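Scroll down for the structure; my scribbles are underneath it.
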Amino acid sequence: MHVRGSSLSHPKVIEALRPFIVAFWGQANNEAIPDDIQPLYDASGKRRSSNVRCFVLDHEGKLLHSFNGFPGNDPNPMRYSSDEYAAYFTEEI
């Protein structure tokens with residue numbers, strides 16, 4: 001799996017994700033959401049608040065929780081340190 005250096009690859013986040021299977025899809029330039037991902041957006045009630053949306057699923061693939069990929073819904077990824085991202089992701093997971 002390829003992830004950006006400061007969020008999903010932070011040791012605290014890796015530890016929080018250890019019991020889960022993780023899939024990753026990166027969106028840019030308002031690409032269409034893939035058909036197999038669209039139901040997660042629909043179920044979360046969030047359409048396009050960000051091009052980085054995270055979904056927590058149960059073992060059957062049912063959506064349990066979704067959250068913006070940026071702390072505080074802030075679209076500026078440079079505003080937070082890697083430790084702040086790690087704390088945010090682990091809390092949401």
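Keep in mind that what you see is a predicted model, and the values were worked out from it rather than measured. If you read the sequence from its start, that first residue is 1, and numbering goes on from there.
Once rounded to the nearest 0.5 Å, the distance linking CD1 of Ile93 with OH of Tyr88 reads 10.5 Å. In this structure, CZ on Phe70 lies 10.5 Å from OH on Tyr80, to the nearest 0.5 angstrom. Taking CZ of Phe89 as the start and CG of Leu17 as the end, the distance is 9.0 Å to the nearest 0.5 Å. Between the CG atom of Asp42 and the CD1 atom of Ile33 there is a distance of 8.0 Å, given to the nearest 0.5 Å.
Residues Asp83 and His10 are in side-chain contact: their nearest non-hydrogen atoms beyond the backbone lie under 4.5 Å apart. Side chains of Asn68 and Arg53 form a contact here, defined as non-hydrogen atoms less than 4.5 Å apart. Side-chain contact between Leu40 and Ser66: absent, with no pair of heavy atoms (C-beta onward) separated by less than 4.5 Å.
Counting heavy atoms of neighbouring residues, nucleotides and ligands inside a 6.0 Å radius, atom CG of Asp35 does not exceed 12 of them.
Following chains of ILVMFWY side-chain contacts shorter than 4.5 Å, one can reach Tyr85 starting from Val56, so the two form part of one hydrophobic cluster.
Taking each heavy atom of Leu63 and Ser44 in turn, the nearest pair found is CD2-N, 3.6 Å. Residues Glu84 and Arg79 come closest through the heavy atom pair OE1-O, 4.3 Å.
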